[in-house]
Enquirer: 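I am attaching a structure below and will ask some questions about it afterwards.
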Amino acid sequence: MEREELMLAQTNPQTAYRRVDFDARVAGANPAQLVALCYERFASSLGSALHAAGRDDNHAKSQALTRALAALTALELGLVRGAPLSGTLAQIYAAARRSVLDSVLAFDALSLDQLRQDFAVIAAATASSPH
């Protein structure tokens with residue numbers, strides 16, 4: 001069994017399906033769609049972390065925060081330096097990273113929920129702008 005097949009076999013079917021669906025969406029996406037996927041992944045990961053914290057599931061919470069950080073990293077790496085708003089977005093992403101990392105040590109549900117809402121606004125504005 002290949003490494004990826006083994007990893008999927010060790011997860012629950014819903015997680016495996018979400019992973020395959022996400023990978024397929026990434027493979028067929030243009031740059032603007034990739035940014036939208038990263039925003040979506042960040043917001044959904046924060047939502048998962050909040051849900052896991054409510055169930056006192058530290059393992060799931062940690063996994064969700066890790067996915068959120070990965071999405072932020074992708075957004076940071078995708079910034080085109082010198083482009084309009086790139087400096088502002090870099091500051092927003094850095095502040096978001098600090099908030100997520102702070103919640104690894106001392107979980108702050110209110111802060112993460114506000115961050116999730118803020119990124120939903122950014123995602124909506126990005127989706128409605130011409131590409």
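What you see below is based on every heavy atom in this structure, not just the backbone, and it leaves out hydrogens, waters and symmetry mates.
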Enquirer: Less than 4.5 Å apart, side chain to side chain, heavy atoms only: is that true for S103 and L112?
Expert: yes

Enquirer: Hey, what do you get for OG (S45) to CD (E40), rounding to the nearest 0.5 Å?
Expert: 10.0 Å

Enquirer: Testing the basics here: between R81 and A90, what is the closest heavy-atom pair and its distance to 0.1 Å?
Expert: NH1-CB, 3.8 Å

Enquirer: Assess whether side-chain contact (heavy atoms from CB on, under 4.5 Å) is satisfied between L69 and L101, documenting all intermediate values.
Expert: CA-CA 8 Å; L69 289 170; L101 289 172; 3.7 Å; yes

Enquirer: Can you list the residues that meet the side-chain hydrogen bond (donor to acceptor under 3.5 Å, both in side chains) rule with D108, with sequence neighbours excluded?
Expert: none

Enquirer: Do Q117 and D113 make a side-chain contact, defined as non-hydrogen atoms from C-beta onward lying under 4.5 Å apart?
Expert: yes

Enquirer: Could you go through the side-chain contact (heavy atoms from CB on, under 4.5 Å) check for L72 and F119 one step at a time?
Expert: CA-CA 11 Å; L72 270 178; F119 269 71; 4.0 Å; yes

Enquirer: Are side-chain heavy atoms of L89 and L75 found at a separation under 4.5 Å?
Expert: no

Enquirer: Kindly state each residue pair satisfying side-chain hydrogen bond (donor to acceptor under 3.5 Å, both in side chains) with at least one member in residues 48-57, sequence neighbours excluded.
Expert: H51-R55, R55-D57

Enquirer: Between L34 and Y93, is there shared hydrophobic-cluster membership here, with clusters defined by ILVMFWY side-chain heavy atoms closer than 4.5 Å?
Expert: no

Enquirer: Do L46 and V100 have side chains that approach each other closer than 4.5 Å (heavy atoms only, starting at C-beta)?
Expert: yes

Enquirer: Are a donor atom and an acceptor atom from the side chains of R97 and T73 found within less than 3.5 Å of each other?
Expert: yes

Enquirer: State, to 0.1 Å, how close L79 and S86 come at their nearest heavy-atom pair, and which atoms those are.
Expert: CD1-O, 3.8 Å

